[in-house]
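Everything below concerns the one structure shown next.
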There are 2 protein chains.
Amino acid sequence: MELVLIGSGNIATVLGKSFYERGISIKQVYSQNIIHAQQLANQIGAIAIDQLSAISPQADAYIMAVSDHAIAPIAASLKLGNQLLVHTAGSVSQDVLSQASSNYGVFWPMKMIRKGQEGMGSVQIVIDGSSNSNKSYLSNLARLIGAQVAFANNDQREKLHLMAVVCSNFTNHLYHLAADYCKKNNLDFSLLYSIISQTAAGIQGEDPATTQAGPAFRGDIATMEKHLMLLKEEPVLLDFYREFSKSIQDLNRDEGK
Amino acid sequence: MELVLIGSGNIATVLGKSFYERGISIKQVYSQNIIHAQQLANQIGAIAIDQLSAISPQADAYIMAVSDHAIAPIAASLKLGNQLLVHTAGSVSQDVLSQASSNYGVFWPMKMIRKGQEGMGSVQIVIDGSSNSNKSYLSNLARLIGAQVAFANNDQREKLHLMAVVCSNFTNHLYHLAADYCKKNNLDFSLLYSIISQTAAGIQGEDPATTQAGPAFRGDIATMEKHLMLLKEEPVLLDFYREFSKSIQDLNRDEGK
């Protein structure tokens with residue numbers, strides 16, 4: 001099994017190292033910046049290249065881990081015949097790869113990935129492919145690096161990506177606002193760690209409808225009014241407080257609490 | 001050490017059992033519903049009562065675990081002299097207890113607690129008291145049941161409670177909306193578990209400013225527009241998407257990303 005990595009950023013780095021550690025050979029690492037390509041290539045026994053035309057035509061699969069907006073232009077410059085080409089993006093159709101190869105697919109790690117992290121850790125890899133044999137090849141590749149495999153077509157994957165934004169980026173933003181509020185008020189934000197973990201763990205295997213709590217859920221007007229007072233100098237949190245409280249109450253009503 | 005429990009709901013039940021398991025004697029359980037009092041009393045070797053006037057005047061401490069709005073009226077009916085009386089609420093001043101006793105305080109488990117759960121698990125108990133000796137007594141009590149102890153005065157505790165609402169109830173609501181969206185679109189919500197856990201774990205020991213990601217953070221207009229299109233039939237998620245995206249971008253700008 002011999003791969004080519006197109007890209008040298010967070011996902012390319014962590015995937016590349018994971019492959020390398022499991023004995024999967026990486027032939028080349030492409031980046032338009034040869035220094036970046038070389039940095040990653042050095043770590044995974046690959047050859048660094050900065051020209052798409054230098055990409056070997058004979059690898060088993062080409063993993064394109066680049067920014068979403070770079071996927072189509074790079075694919076337009078590749079001619080891979082029927083070699084397997086995949087991208088690693090949640091919200092980009094696999095069909096943009098069809099101009100580069102007759103075999104293509106998606107290999108999307110559903111995780112925030114940073115260069116410095118050690119290995120992939122526990123991760124779902126969401127897979128699609130232009131054929132069943134592509135999907136099967138990609139599933140094996142994902143399992144080889146210890147990932148759990150899920151399948152999703154373009155439409156399903158876009159929606160999953162959107163929900164990942166809601167469940168991850170939006171919650172992180174709430175943590176960010178809360179941490180800033182704690183800093184400003186000389187409170188130790190780390191006191192909130194355990195309730196944050198508990199909330200995230202609480203919905204695993206449970207419908208989140210059954211784990212909802214708090215003043216809006218209880219209809220505790222007195223506490224909500226106190227909270228709005230405490231936020232009177234905090235317009236952003238104040239707006240979120242109002243919108244969440246209303247939405248929690250509306251959803252309870254709709255679901256016939 | 002001998003305690004009296006005032007209340008028989010989620011917190012009274014889980015605290016009562018934790019005390020009992022650590023060999024701390026619970027003399028009485030009060031509830032205005034004698035059946036509820038009896039159910040809990042049976043499990044922790046206590047006597048059930050439904051009259052505040054029947055509360056023993058000689059316990060070491062009285063733990064009032066009742067709804068926020070019931071704390072002041074119950075306190076107004078208690079005459080405990082200088083016996084230690086505490087409530088377990090995040091957002092109620094300890095001073096409402098001063099009419100019932102000259103010794104009072106707060107013993108607030110910063111956790112969502114449900115009757116059925118086994119023990120307190122990992123929990124922060126936030127403590128306040130009308131004297132240093134009260135605070136010290138309550139800290140020992142918290143440590144005896146395996147909790148971590150934090151101190152906060154009324155003002156700090158109210159703000160922590162507000163941030164717990166933001167970090168726990170609001171994030172749970174996002175999970176709830178996402179789970180409903182997945183159900184409606186035949187997607188498996190459990191695929192999001194690992195990214196949810198990762199996000200919650202990612203901020204422990206890190207400033208959440210450094211763990212932010214996603215299209216709004218990157219300024220990826222194309223993906224945001226695609227997401228808004230996907231949400232055109234989902235007014236609640238659409239509003240949240242707009243508000244979060246704007247707020248994430250504003251905060252990045254303010255913090256000089």
Side-chain angles (χ1 to χ4, degrees), chain A residues 68-69 91 110-112 122-124 150 156 158-160 162-176 178-179 181-182 185 187 191-200 203-204 207-209 211-215 217 220 222-223 226-227 230 236-237 239 243-244 247-248 251, chain B residues 68-69 91 110-112 122-124 150 156 158-160 162-176 178-179 181-182 185 187 191-200 203-204 207-209 211-215 217 220 222-223 226-227 230 236-237 239 243-244 247-248 251:
Chain A
D68 289 9
H69 63 268
S91 71
M110 227 168 118
K111 189 162 188 174
M112 281 171 299
S122 151
V123 62
Q124 311 269 359
Q156 293 169 323
E158 279 183 354
K159 287 175 178 165
L160 278 174
L162 169 57
M163 289 305 110
V165 167
V166 170
C167 291
S168 170
N169 305 147
F170 291 179
T171 58
N172 192 90
H173 185 56
L174 292 174
Y175 305 148
H176 187 172
Y181 182 90
C182 286
N185 288 281
L187 298 167
L191 290 174
L192 293 152
Y193 289 173
S194 66
I195 203 167
I196 286 172
S197 302
Q198 191 204 0
T199 306
I203 49 104
Q204 312 222 351
D207 185 337
T211 57
Q212 190 63 57
F217 182 75
D220 177 350
T223 301
K226 188 183 291 180
H227 285 168
L230 285 175
V236 177
L237 277 169
D239 280 353
E243 188 171 2
F244 271 99
S247 182
I248 289 168
L251 194 55
Chain B
D68 289 8
H69 64 265
S91 72
M110 229 169 118
K111 190 162 188 174
M112 281 172 298
S122 151
V123 62
Q124 310 269 359
Q156 294 167 323
E158 279 184 355
K159 288 175 177 165
L160 278 174
L162 170 56
M163 289 306 109
V165 167
V166 170
C167 290
S168 169
N169 306 147
F170 292 0
T171 58
N172 193 90
H173 185 58
L174 291 175
Y175 305 149
H176 187 173
Y181 182 90
C182 286
N185 289 280
L187 297 167
L191 288 175
L192 293 152
Y193 289 172
S194 66
I195 203 166
I196 286 172
S197 302
Q198 191 204 0
T199 305
I203 49 104
Q204 312 221 352
D207 185 338
T211 56
Q212 190 62 57
F217 181 75
D220 177 350
T223 301
K226 188 185 289 179
H227 286 167
L230 285 174
V236 177
L237 277 169
D239 280 353
E243 188 171 3
F244 271 98
S247 181
I248 289 168
L251 194 55

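Protein chains get the first letters and strands the later ones, always in sequence-line order, with residue 1 at the start of each.
- Atom CD1 of B/I196 is separated from atom OG1 of A/T199 by 11.0 Å, given to the nearest 0.5 angstrom.
- Here the CG atom belonging to B/N169 is positioned 7.0 Å from the CD1 atom belonging to A/I195, to the nearest 0.5 angstrom.
- Looking at A/V165, the atoms closer than 4.5 Å to chain B (heavy atoms on both sides) all sit in the side chain, from C-beta outward.
- One distance of note links NZ of A/K159 with CG of B/L187; it measures 7.0 Å at 0.5 Å rounding.
- Heavy-atom minimum distance, B/M110 versus A/S194: O-OG, 4.4 Å.
- Ring geometry for B/H173 against A/F244 counts as perpendicular: the plane angle is over 60°, on a 0 to 90° scale with 30° as the lower cut.
- In terms of heavy atoms, B/Q198 sits closest to A/M112 at NE2-O, 2.8 Å.
- Partners of A/D207 under the salt bridge (Lys or Arg N to Asp or Glu O under 4.0 Å) rule, at least two apart in sequence or in another chain, are B/K183.
- In this structure, the separation between OG on A/S168 and CG on B/L192 is 9.5 Å, given to the nearest 0.5 Å.
- For chain B, the nearby parts of A/T171 are the backbone and the side chain; heavy atoms of each come within less than 4.5 Å.
- A/P208 and B/N172 make their closest contact through O-ND2, 3.0 Å (heavy atoms, listed as atom of the first residue, atom of the second, distance).
- Within the 4.5 angstrom heavy-atom criterion, only side-chain atoms of A/D220, from C-beta onward, approach chain B.
- For chain B, the nearby parts of A/Y193 are the backbone and the side chain; heavy atoms of each come within less than 4.5 Å.
- When A/C182, A/S197, A/A179 are compared by the number of non-hydrogen pairs under 4.5 Å with chain B, A/S197 comes out ahead.
- The contact between A/A164 and chain B is made by backbone and side chain atoms together, counting heavy-atom distances below 4.5 Å.
- Rounded to the nearest 0.5 angstrom, B/Y181 OH and A/C167 SG are separated by 12.0 Å.
- With sequence neighbours excluded, the residues that form a side-chain contact (heavy atoms from CB on, under 4.5 Å) with A/E158 are B/K226, B/L230.
- Once rounded to the nearest 0.5 Å, the distance linking CD1 of A/I203 with CG of B/L174 reads 11.0 Å.
- Across A/A209 and B/H176, no two heavy atoms sit closer than the pair CB-NE2, 3.4 Å.
- If you tally non-hydrogen atom pairs under 4.5 Å between each of A/T223, A/L237, A/T211 and chain B, the highest count goes to A/T211.
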